[in-house]
Structure formats: C-alpha cells, structure tokens
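Working notes for the structure below.
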Amino acid sequence: MDTKNKGFNSKLVHGGGYKDQLLSAVTPIYQTSTFAFHNADHGAQCFAGESDGYIYTRLGNPTIIDLEKTVAELENGFGGIATSSGMAAVNTVYLGILESGSHMIGHEALYGPSRAIMESLYPKFNVESTFVDATKLENVKNAIRPNTRLIFLETPANPTIGITDIKAVSEIAKEVGAVVCVDNTFCSPYLQNPLDLGADIVLHSMTKFINGHADIVAGMVVAKTEEMYRQLRSVMMNVGCNMDPHQAFLTRRGLKTLAIRIDRAQANSMKVAEFLENHPKVEWVKYPGLKSHPQYELAQKQMRGPGAMISFGLKGGLDAGKKMMDNVQLALLAVSLGGIETLIQHPASMTHSKLSREAKEKAGISDGLVRLSVGIEEAEDIIADLDQALMHV
Ligand code: LCS
C-alpha cells in the first residue's frame, strides 16, 4: 500500500510497501545469505542496478529493506540504512562523512561510546574533534574551524536530557558547508523529525523506542538526499555492519506500536516527573515536559511530546544513588532504554563510573544523577516503587 499521504499510525502499520506473492499479512523473514539469479543476464542486470532482484544479504534483503523504507518514510528522508547496532549507525556516519584532515563538533553529553570512539580511535586517521555544550549556540559557532565537516548532535542527550536547537545549528552548519547529523534515539520519529528542521542525516539506536521490547540490538541511518544515502550505504555494505533479517523482522514488528507505546509511556512520565519534583530527597528533575527544564520552550517548539526519559538528582549523592538502586522492585536495574518496562540506572556507579570526576562534571553527570526510562506499566505502580526505594535513601 502507498502510505505517502497517510497518517503516522497508518505508516507504522502499513509502511515499507512490501508485497508478498502469497499475500502474507506481515513481511516474511528472508533468512538467506544469498539470492539466485534466473540466468547470466539477470545476474548482470542485478549487479548493474537495472533490476529489482536481490544479490546478497549484506547488500540488501527484502525483510531489511521493508524496515529501511518504513523508517525513512517516518523521518521524511530519501532512504534508510539498517545497521547491526546503534553504534554501527554512528560509525557509518563518521566513516562516510569524515576524512583525514577533517574536524567534527559533537555535543559534549553524547551517549558515551559515540564520543569515546571519536576521541580514542579516529585521531589515528587524522580526524580532529571538539566537544562542546551545543545547547548554547555560541559554543557551536566558536568551535567551527575551516575543516569542520560534521556537527553531531544528540537531543535530548543521554543522560543529561539537554536539548539542542536543531534548526539553529543547521543554519550555522549550512554557512560553513558542514553536515549535521542528529541522533534521534530519545525521541524516535514520532516525537521529532530532525531532517524537517534542516539536518542532513538522522540516526537511531533502534534497540530503544523503535523496537521497544528490549529483545534486540539494532541501528538505522536515514539520509535526506539520494547522494548522501548512496555515500553512507556503501560504507555499511563494505564495512559489513549490516542488519540480520531476523533482527529486521523483530524491529519491524515492534515499530508498529511505536506511537501507542510512546503515548502511554509519556503520560506515565509526566506523572512520575511531577512526583519526583515534589519529593524531599530529590534535588532536581530534568524532563522536557516540566516547565523547570532549562530548554522547555525549545522542547515545545522542536518536539511533539516530552518523551519517556527522565533524569533526576538525589540530594544524598553517590551513596543515595546506590541505595536507591538496591531497593527498586518493579523498575529493572539495567542500562538501555525505550522499552515497555521501566528501567533505572545510576551513571556515577555504573555506565560512567570509570570517568574521572572532571570528565563527569564536564559531561553534566553528578554523583546523585539517576536516569529513568519510563515504561508502560501503571503509573501508580511505578511511582509507588520509586517512593518505597527513596525511603531507603
Ligand atoms: N545513541 C544513543 C542515544 C544511545 O542511547 C545508544 C545506546 C546508542 C546510540 C548506541 O546504540 P546501540 O549500539 O546500543 O544500539 N544507549 C545505551 C544506554 O543508554 N545504555 O545502554 C545502551
């Protein structure tokens, strides 16, 4: 079905446009590594790109292409490139856009490995990087160099929930000929479309909201133009960070309920954020739906909803954070996010424990910071669980 002029939920259910010869209701799993040609001419046409036929799963597979088309349509881009993980999507962009002698600007509180790999591996290839608080536009402007090729944003950022003005940064980038890529993992295309705001590339860890069921790891890059799509697709195909057909099937299935899952998790999040904001042991709460969020106005303009990620600070610091983690019962004490179950984690004693105090402070990670990915359980149960855990703090 052509879903071009259909609404968001119809695109979620019917997007991709795959037509099965046996009229199966869902796109089947083509669990095959290779595809046979009818004859030599057909093989030649496939390699020349003159036939719709498939060649080899690393290059393309109907189950994976159905997912790529659906996400590209949801993000209003030319084409999607499915990858084995969110980090594979990040590196597909780095490898596709940067070259020896070029410079990248990144938001200082990116998901840890997106920054760490840029600072540890890419200098080997003579790529320079500067990480700044991109929520303040003058920092981005001041970081521009003649060789700046890429501005890499994550908004809202992990785990600080800082929000960057995508439109304003895209305007700055256009003036200097740099490409803007936005990691849209925290919002998903339901809440934010960076390409419509001027970005050139959008990427996702589909491990999170897009799949939504905490049962796979997957990534996606969507390019705005055909030229950019071809450039990045060739990186994925040659690096070999392709998706697997079974992974694509599960992700496509999870994606169908994206909007109803986020609607519910978001309604829960607002109640949880208000509860936390009024709790005596909580020092601060960062949630884009609260007026106290420093970029509340921007969130209202740029996002269609505040999402389901909350960060909050405990007055008791590191010790309080660990005590709270030890006492949650309903929320799973786990990393990752964006699934139907509520997850809680304490960066200072877990994901960011190896960072120096200075590096943690620079990335906005205080000892008492707790990150919550709110699920679709009953809001009252989530709040009761946090309340009893906070009693032990
Ligand atoms: N981008 C963002 C914003 C993320 O949060 C993550 C993973 C990635 C990229 C990488 O995606 P992956 O390769 O894991 O699919 N975030 C994680 C987190 O906050 N805890 O565990 C993983």
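Note that the structure is predicted; figures quoted are calculated from it, not measured. Each ligand, and each atom within it, is numbered from 1 in the order the structure gives.
- One finds the CD atom of Glu154 at 8.0 Å from the OG1 atom of Thr160 (value rounded to the nearest 0.5 Å).
- Residue contact check: Glu154 has heavy atoms under 4.0 Å from atoms 3 (C) of ligand 1.
- Note: no N/O pair closer than 3.5 Å links Ser114 and ligand 1 by distance alone.
- Classification of the Phe37-His42 ring pair by plane angle, with boundaries at 30° and 60°, yields perpendicular.
- Looking only at heavy atoms of the protein, atom 9 (C) of ligand 1 is closest to Asp183 OD2, 3.5 Å.
- For atom 13 (O) of ligand 1, the closest non-hydrogen atom of the protein is Met87 N, 2.9 Å.
- Counting heavy atoms under 4.0 Å from ligand 1, residue Leu110 does not touch it at all.
- For the pair Lys208 and ligand 1, a heavy-atom separation below 4.0 Å is found.
- Here the heavy atom of the protein found nearest to atom 15 (O) of ligand 1 is Thr207 OG1, 2.6 Å.
- The two residues Val335 and Leu343 come nearest to each other via the heavy atoms O-CD1, 3.6 Å.
- Ring geometry for Tyr18 against Tyr30 counts as perpendicular: the plane angle is over 60°, on a 0 to 90° scale with 30° as the lower cut.
- Counting non-hydrogen atoms of neighbouring residues, nucleotides and ligands closer than 6.0 angstrom, the CG atom of Asp52 reaches no more than 12 such neighbours.
- In this structure, His279 and Phe275 have perpendicular ring planes: the angle between them is above 60°, well past the 30° mark.
- The pair Glu378-Arg264 meets the salt-bridge criterion, with a side-chain N (NZ, NE, NH1 or NH2) lying under 4.0 Å from an Asp/Glu carboxylate O.
- Geometrically, ligand 1 and Phe186 share no nitrogen or oxygen pair separated by less than 3.5 Å.
- The shortest heavy-atom distance from Ser336 to ligand 1 is under 4.0 Å.
- In terms of protein heavy-atom proximity, atom 17 (C) of ligand 1 is nearest to Tyr111 CE1, 3.3 Å.
- In plain terms, the two heavy atoms of Ala273 and Tyr287 that are nearest each other are CB-CD2, 3.7 Å.
- The ligand atoms of ligand 1 that sit less than 4.0 angstrom from a heavy atom of Thr185 are 1 (N), 2 (C), 3 (C).
- Comparing Leu343, Val217, Asn158 by heavy-atom distance to atom 5 (O) of ligand 1, the nearest is Asn158.
- Of all atoms in ligand 1, numbered sequentially from 1 with element shown, those under 4.0 Å from a heavy atom of Arg371 are 18 (C), 19 (O), 20 (N).
- An N or O contact shorter than 3.5 Å links Gly86 to ligand 1 by distance.
- Looking at Arg145, its side chain never comes within 3.5 Å of a backbone N or O of Ser102 through a donor-acceptor pair.
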